[in-house]
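Comments concern the structure below.
A, B, ... follow the sequence lines: proteins, then strands. Residue 1 opens every chain. Quick caveat: nothing in here was measured; it's all calculated off a predicted structure.
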Number of protein chains: 2
Amino acid sequence: MSTYTSGSFKAELNEKGWRLTPQRQTILQVFQDLPEGKHLSAEELYSVLQGQGEKISLSTVYRTLKLMARMGILRELELAEGHKHYEINQPYPNHHHHLVCIQCNKTIEFKDNSILKVGLKQTEKAGLHLLDCQLTIHTVCPEALRQGWPSLLPSNWSCLRWHSLP
Amino acid sequence: MSTYTSGSFKAELNEKGWRLTPQRQTILQVFQDLPEGKHLSAEELYSVLQGQGEKISLSTVYRTLKLMARMGILRELELAEGHKHYEINQPYPNHHHHLVCIQCNKTIEFKDNSILKVGLKQTEKAGLHLLDCQLTIHTVCPEALRQGWPSLLPSNWSCLRWHSLP
DNA sequence: ACAATATTGCTACTCATTTTCAAGAACTTT
DNA sequence: AAAGTTCTTGAAAATGAGTAGCAATATTGT
Ligand SMILES: [Mn+2]
Ligand SMILES: [Mn+2]
Ligand SMILES: [Zn+2]
Ligand SMILES: [Zn+2]
């Protein structure tokens, strides 16, 4: 549930010398209406907009995604090979992380508060300013395994190797 | 400290119907000789190879990086905008994560065993096969904040603190 | 409403990565 | 060890996500 009203969005834009445009409002609305666990790439967002009859150019889509990510309104994710995905950036307690099947790109979200604590601790220790903290778990799903992925897995590369943790 | 001898590398390649070539051996060696905390992009690896007098084409560099990442020998990281970085993929206790300044891309490594535990727990819970688990902490330097990040920065501005590093 | 300037929608462009394909090299089988 | 098979390489061309340039347009502050 995003906390951005069109008013607060405008205020935040203007504060940086930027402007509220119908295109930006529309794109923010698309993300706010997005079902939980859904992420959009630039091309996917462009399709959604076209499906709604909105005439926003692909350039503007790219520019707006980048702008809103820098503002901290959107979160930029590397969930698939070759292009980024975006979602509304929600603070605790909705902050979450992702499991991704690198074969079919199926994504599962999960929450774990300890991750953010680690992020804060390490960021403080390094004297930096925390922007985001993303745990991405690369996996292959059983379906992918059945479809031949195992032939690409070396004998000594198995999740079993991790079971020897202290 | 990698566990790959040229013999075990060959065995693992052959097991999948692939071949040990001088190019692949050389590239593995470069990663094994890389200092702790250093990561290489495809272009950077290509430069290193040229500096060593090795005549390996950029195509082969890209192909080898991808192959070795799929084999689990290398880890593919998203540490900078626009291109990937690679490092030797080392299991516990050398498994680690990264803090990255999104302005100058300087990277700091850190270890935290709890992350891997979270990764294992979530992967099991989802019934998937774990390949890798990467916590990436996005930050900006204090210098960038002082300069007015994110709106008042010239596109070529870079955090000064890292420029004096070796 | 006006002036200043930020944004849009084109199009052309960049550049990391992939593909194509013929020549050469590594395993496998005589 | 030579021959056969298949994989790999290098060079060049292609791909494709994302960006830059620019004139027209829209938003903001006065
Ligand atoms: Mn998500
Ligand atoms: Mn590293
Ligand atoms: Zn899958
Ligand atoms: Zn920095």
Side-chain angles (χ1 to χ4, degrees), chain A residues 6-7 9-28 39-47 49-50 54-71 74 76-86 102 105 151-152, chain B residues 6-7 9-28 39-47 49-50 53-71 74 76-86 102 105 150-156:
Chain A
S6 94
F9 185 32
K10 175 166 166 32
E12 208 158 293
L13 283 163
N14 292 352
E15 185 188 342
K16 302 273 194 298
W18 298 325
R19 295 174 183 181
L20 180 65
T21 65
Q23 291 90 338
R24 289 173 181 175
Q25 284 189 83
T26 301
I27 288 174
L28 175 58
H39 311 96
L40 293 180
S41 67
E43 291 281 355
E44 285 165 347
L45 171 57
Y46 184 60
S47 294
L49 292 167
Q50 287 194 313
E54 302 284 350
K55 287 186 268 296
I56 301 181
S57 73
L58 188 54
S59 294
T60 297
V61 166
Y62 275 109
R63 280 185 292 229
T64 304
L65 288 172
K66 187 163 214 176
L67 177 75
M68 290 171 71
R70 288 207 114 193
M71 291 176 73
L74 297 181
E76 198 171 65
L77 306 167
E78 307 279 353
L79 299 176
E81 191 70 32
H83 58 274
K84 298 189 174 69
H85 281 84
Y86 298 83
I102 69 163
N105 294 327
S151 70
L152 297 171
Chain B
S6 95
F9 185 32
K10 174 166 165 39
E12 207 159 289
L13 283 163
N14 291 350
E15 187 186 342
K16 305 290 183 297
W18 298 326
R19 296 173 183 181
L20 180 64
T21 65
Q23 291 89 337
R24 288 173 182 173
Q25 284 189 84
T26 301
I27 288 173
L28 176 57
H39 311 96
L40 293 180
S41 67
E43 291 280 356
E44 286 166 346
L45 171 57
Y46 184 60
S47 293
L49 291 168
Q50 287 196 314
E54 301 285 348
K55 288 187 266 298
I56 302 181
S57 74
L58 189 53
S59 296
T60 297
V61 165
Y62 274 107
R63 279 185 294 230
T64 304
L65 287 172
K66 187 163 217 173
L67 176 75
M68 290 172 71
R70 294 204 107 188
M71 289 174 75
L74 296 181
E76 198 171 66
L77 305 167
E78 308 277 353
L79 299 177
E81 193 71 29
H83 57 273
K84 298 188 175 68
H85 281 85
Y86 297 83
I102 68 163
N105 294 328
S151 60
L152 306 174
L153 282 176
S155 54
N156 61 345

Query raised in the report: In whole Å, what is the span from the CE atom of M68(B) to the P atom of dT8(D)?
Result: 14 Å

Report task. Write down the distance between CD (E12(A)) and C1' (dT28(D)), rounded to a whole number of angstrom. Result -> 18 Å

Query raised in the report: Over how many whole Å does the gap from L20(B) atom CG to dA25(C) atom P extend?
Result: 15 Å

Report task. Please state how far atom CD in Q25(B) lies from atom C1' in dT8(D), giving the value in whole angstrom units. Result -> 14 Å

Query raised in the report: Between dT9(D), dA17(D), dT27(D), which one does the side chain of R63(B) approach most closely?
Result: dT9(D)

Report task. Look at the side chain of R24(A) and the backbone N and O of R19(A), then say whether any donor-acceptor pair between them is shorter than 3.5 Å. Result -> yes

Query raised in the report: R19(A) side chain N/O closer than 4.0 Å to the phosphate oxygens (OP1, OP2) of dT5(C)?
Result: no

Query raised in the report: Just how far, in rounded Å, is C1' of dG29(D) from CH2 of W18(A)?
Result: 19 Å

**Report entry** Partner of Y86(B) under side-chain contact (heavy atoms from CB on, under 4.5 Å), chosen from L40(B), L65(B), T64(B)
**Finding:** L65(B)

**Report entry** Side-chain donor/acceptor of S41(B) to base of dA16(C), under 3.5 Å
**Finding:** no

Report summary line: Here the distance between atom P of dG24(C) and atom NZ of K55(B), to the nearest Å, is 16 Å

Query raised in the report: Within the structure, does a side-chain N or O atom of T21(A) lie under 4.0 Å from either OP1 or OP2 of dA26(D)?
Result: no

Requested in this report: Ignoring backbone atoms, test whether Y62(B) places a side-chain nitrogen or oxygen under 4.0 Å from the OP1 or OP2 oxygen of dT18(C).
Outcome: no

Query raised in the report: Does T60(A) make a side-chain N or O approach to OP1 or OP2 of dG9(C) shorter than 4.0 Å?
Result: yes

Query - Nearest-nucleotide comparison on DNA chain C, the residue closer to the 5′ end among E43(B) and S59(A) - result: S59(A)

Query raised in the report: Phosphate oxygens OP1/OP2 of dT28(D): is one of them under 4.0 Å from a side-chain N or O of K10(A)?
Result: yes

Query raised in the report: Atom NZ of K66(A) to atom P of dA17(D): distance rounded to whole Å?
Result: 16 Å

Query raised in the report: Which residue lies toward the 5' end of DNA chain D, G17(B) or L58(B), if each is placed at its nearest nucleotide?
Result: G17(B)

Report task. Measure the spacing between CD of E81(A) and NZ of K84(B) and express it to the nearest 0.5 Å. Result -> 4.0 Å

Query raised in the report: Roughly how far apart are L20(B) CG and K10(B) NZ, rounded to 0.5 Å?
Result: 6.5 Å

Report task. Calculate the interatomic distance between L13(A) atom CG and dA6(C) atom P; express it in whole Å. Result -> 13 Å

Query raised in the report: Taking only N and O in the side chain of Q23(A), is any of them less than 4.0 Å away from OP1 or OP2 of dG9(C)?
Result: yes

Report summary line: Paired with M71(A), the side-chain contact (heavy atoms from CB on, under 4.5 Å) test is passed by just one of K16(A), E15(A), K66(A), E12(A), namely E12(A)

